[in-house]
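This report concerns only the one structure given below.
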There are 2 protein chains.
Amino acid sequence: MALRTALLVALLEGESSGYDLAKAFDTTMANFWSATPQQLYRELERLAADGLVEARLVEQERRPTKRVFRLTEAGENAIRAFTRSRPKASVIRDDLLVQVQAVDAGDMTCVAGAIAHQIDLSRNKLARYERRRERFLQGGTEADFLARAERIGPYLALLRGIHFENENIRWGTTALAAIQARSGE
Amino acid sequence: MALRTALLVALLEGESSGYDLAKAFDTTMANFWSATPQQLYRELERLAADGLVEARLVEQERRPTKRVFRLTEAGENAIRAFTRSRPKASVIRDDLLVQVQAVDAGDMTCVAGAIAHQIDLSRNKLARYERRRERFLQGGTEADFLARAERIGPYLALLRGIHFENENIRWGTTALAAIQARSGE
DNA sequence: GGAGCATACTCAACAAGTTGACTATAGGAG
DNA sequence: CTCCTATAGTCAACTTGTTGAGTATGCTCC
């Protein structure tokens, strides 16, 4: 039942269609919540049935009609209630780390390749995050932003993504060097 | 089908019962793979049915008899094959970050409490990881260990956990300060 | 003018993960 | 002598998450 709240929280950014949410999830929430589009559509149905979101049809000029969803008051209350609950322990499942754990019994070259690839992905993510961060800050300092902005949650969550990807790159570099030294290339 | 490989990799440490694996998962794999005991028992059944692990009963002195599982050659081959496959994108689901994203529309004091709690947990984990690290190094340097150890995978995976928890603490401290400054104390 | 791509979904089937209750043995606390 | 804890599991029901296919509109590219 936790995808529910992740979806509700995503709708804090304003009303949005399932399709848009699916994309937004990829960019803004992907750091701390993964979900496929199918999950979102299904859960939005349920949220609407439970009255936490409201749907309305929007006809568009040169595109298919879409259904946009908006938080109801009940939805906002659910978010408040959620922030008062103890967060469940986070879930992580990372194939790459399983490969690393098994590296000595496996194919070192391939695992090294996988780490290198991961470093690349992290660099790209980091670049996107930094751009997003600059849009938040608009030339000011972080301290300024945190003191004055209307909402700081999305910025703080983004900051975590930045820290995370930085660490990914740092760790990856160390691990890659160690494995390459081993496999004797 | 990826819990399979995580389990096989856990069995690289030596034969072990489902119960032991459940605990080992908590300490050594929990950094990058979460699973409940029930999942492990069920998956071990399947692995045994598929011939990737072998089970045997071990009677004990003052405890219930247990079934210990050991990798078969087929299991070792499966691990090798896995390290050659492209790792699937990692999955993360973190309630705490959802709360942070929603902090402006929620209960700031509670979210701050949740972050503080998380920092505590991370410090504890970190302490445990550092102790494990020292057992690996046995007084030597990291470079030495990485050059000479029989297996470096478990150490590198542990290192990632250490980096991760360090970052957790650093980010949490920043986020906590920002939120507390906001909620006005 | 057909192929592919982006938008905007729906449906069905299956796989994976979670929860709670239950069975047993044995040790120690009070 | 009962309760609590740790070991060592099993079973069933349920919820979530994943995958693949299918529908429909309209744009652009060649």
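Not measured: the values here are computed from a predicted model. Naming: A, B, ... by sequence-line order, numbering from 1 per chain.
Close to D/dA8, at under 4.0 Å from its OP1 or OP2, lies a side-chain N or O of B/Gln60. Phosphate contact (OP1/OP2 of D/dG9, side-chain N/O of B/Ser17, threshold under 4.0 Å): present. When the side-chain nitrogen and oxygen atoms of A/Arg46 are compared with OP1 and OP2 of D/dT16, one or more of them lie within a distance under 4.0 Å. The phosphate of D/dA6 has neither OP1 nor OP2 within less than 4.0 Å of any side-chain N or O from B/Lys23. OP1 or OP2 of C/dT7 has at least one side-chain nitrogen or oxygen of A/Tyr19 nearer than 4.0 Å.
One can place CD of B/Glu43 at 12 Å from P of C/dA15, the figure rounded to the nearest angstrom. In this structure, B/Glu59 atom CD and D/dT7 atom C1' are separated by 15 Å, rounded to whole Å. Protein atom CD of B/Gln38 is 18 Å distant from nucleotide atom P of D/dT15, rounded to whole Å. Straight-line distance from the CZ atom of B/Arg42 to the P atom of C/dA15: 12 Å, rounded to whole Å. Atom C1' of nucleotide D/dA8 and atom OH of B/Tyr41 are separated by 5 Å, given to the nearest angstrom. Across the protein-nucleic acid pair, A/Glu45 atom CD and C/dC11 atom P stand 8 Å apart, rounded to whole Å. Protein atom CZ of B/Arg56 is 14 Å distant from nucleotide atom P of D/dA8, rounded to whole Å. As rounded to whole Å, 16 Å separates atom C1' of C/dT18 from atom CH2 of B/Trp33.
Below 30°, between 30° and 60°, or above 60°: for A/Phe145 and A/Tyr155 the angle between ring planes is between 30° and 60°, a tilted geometry.
Looking at A/Gln118 and A/Asn168, their side chains come closer than 4.5 Å, going by heavy atoms from C-beta outward. At least one side-chain heavy atom of B/Lys66 sits less than 4.5 Å from a side-chain heavy atom of B/Asp20. Between B/Pro154 and B/Phe136 there is a side-chain heavy-atom pair separated by less than 4.5 Å. A/Phe164 has its side chain out of reach of B/Glu167: every pair of non-hydrogen atoms, C-beta onward, lies at least 4.5 Å apart.
Comparing A/Arg93 and A/Lys66 along DNA chain C, the residue whose closest nucleotide (by nearest heavy atom) sits nearer the 5' end is A/Lys66.
At a threshold of 4.0 angstrom between heavy atoms, the contacts of A/Arg4 with the nucleic acid are absent. As judged by a 4.0 angstrom heavy-atom cut-off over every strand, A/Thr65 is placed among residues touching the sugar-phosphate backbone only. Nucleic acid contact for A/Arg67: sugar-phosphate only, since backbone atoms but no base atoms lie under 4.0 Å from a heavy atom of the residue.
Nearest to the side chain of A/Gln39, among D/dG17, C/dT19, C/dT7, sits D/dG17.
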